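Chain naming here is simple, since letters A, B, ... match the order of the sequence lines and numbering starts at 1 in each. All values reported here derive from a predicted model rather than from experimental measurement.
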There are 2 protein chains.
Amino acid sequence: MENITEMLKGVLEGCVLEIISRGETYGYEITHQLRELGFTDVVEGTVYTITMRLEKNNWVDIERRPSTMGPPRKFYTLNAAGQEELKAFWRKWDFVSSKINELKAK
Amino acid sequence: MENITEMLKGVLEGCVLEIISRGETYGYEITHQLRELGFTDVVEGTVYTITMRLEKNNWVDIERRPSTMGPPRKFYTLNAAGQEELKAFWRKWDFVSSKINELKAK
DNA sequence: ACAGGTATATAGTATTGCAGAGTAGCTTGC
DNA sequence: GCAAGCTACTCTGCAATACTATATACCTGT
């Protein structure tokens, strides 16, 4: 897919929230899930800046655990504030996407 | 609607392209059309930066004409490159929005 | 004269995704 | 033992974009 960078701004964070809400997970795995979704160019650095933001905003709980596959993993789970934020994200997404599809159809 | 600024990044420009493609129009009117669409907080300055970008990228033809309602208007029409860009925008939108809706539904 | 709507223009700021690189742990094969 | 390759987190600097705030200017109505 051609360059979709700008279009991902403001939605990638929401996608990460949604992925974490499905169950405890960590940065590297989130990256791979986003790529599997179709956003093939997402790199670890990008996801890292997002998870750092989630931490800073206190939307996630964190637990560090060792891995047999490499260095320790930092597992994230959504806390109450994070779940509120996720809801807000989908509200915004439904609004914006419906408006844009309206424009497209008209 | 709560703050949708970040979500508009990368799509607002496409909306402006679409609006211009419907027929010759100018910045101030584009702003009002976006507001009518539902993006009520869009201001003239924002649209101006977008139209400047369209000019810079040579996606529009420009004609300046006097108005009976105030200062002269700068009318925009999409040229061939602009129409290509509009098509590319919708391709990207369809891709990204389908992936996000897929994530939402899963 | 003044207020208010119409209309373009611009400087400065915040947010966000990305490129590029570094550090570190574990497994496999030579 | 050790290099290669995957796993995994971290950090810096950058580019793109929407917004804030303001300035300028034209016209109409009071």
Inset, instruction - Return yes if some donor-acceptor pair links the side-chain N/O of A:K74 with the main-chain N/O of A:I62 below 3.5 Å, else return no. - result: no
Indicate, with a heavy-atom threshold strictly under 4.0 Å, whether [X] touches base, sugar-phosphate, or nothing.
X	answer
B:R65	nothing
A:S67	sugar-phosphate
A:K74	sugar-phosphate
B:T5	sugar-phosphate
A:P72	sugar-phosphate
A:G45	base
B:T51	nothing

Legend entry - Geometric cation-pi criterion B:R65 and B:F75, 6.0 Å radius, 45° cone: yes
Legend entry - B:K9 (side chain) and C:dT15 (base): donor-acceptor pair under 3.5 Å: yes
Is the phosphate of [N] approached by [X] (side-chain N or O, under 4.0 Å from OP1 or OP2)?
X	N	value
A:T46	C:dC18	yes
A:R64	D:dT10	yes
A:Y26	D:dA8	yes
B:R53	D:dT17	yes

Between [atom2] of [N] and [atom1] of [X], the distance in whole Å:
X	N	atom1	atom2	result
B:Y76	C:dA7	OH	P	13 Å
A:L12	C:dT15	CG	P	18 Å
B:I30	C:dA7	CD1	C1'	12 Å
B:Y48	D:dT22	OH	C1'	14 Å
B:E6	C:dT13	CD	P	17 Å
A:E44	D:dT7	CD	P	10 Å
B:I100	C:dG17	CD1	C1'	14 Å
A:M69	D:dG5	CE	C1'	12 Å

Inset, instruction - State plainly whether the residues B:R91 and A:E2 are in salt-bridge range, i.e. N to O under 4.0 Å. - result: yes
Inset, instruction - Rounded to the nearest 0.5 Å, what's the gap from CG on B:L8 to CD on B:E6? Could you check? - result: 9.0 Å
Legend entry - Heavy-atom pair of closest approach, residues B:G27 and B:V47: O-CG1, 3.7 Å
Inset, instruction - Report the residue (B:T68 or A:E55) whose heavy-atom-nearest nucleotide on DNA chain D is the more 5′ of the two. - result: A:E55
When you measure from the side chain of [X], which nucleotide among [options] comes out closest?
X	options	answer
A:P71	D:dA8, D:dA16, C:dT16	D:dA8
A:Y28	D:dA16, D:dA8, C:dA7	D:dA8
A:M52	D:dC11, D:dA8, C:dT6	D:dC11

Inset, instruction - Please tell me which of B:F75 and A:E13 maps to the more 5' nucleotide of DNA chain C, matching each residue to the nucleotide holding its nearest heavy atom. - result: B:F75
Inset, instruction - Could you check if a side-chain atom of B:E18 sits within less than 4.5 angstrom of a side-chain atom of A:K104, using non-hydrogen atoms only? - result: no
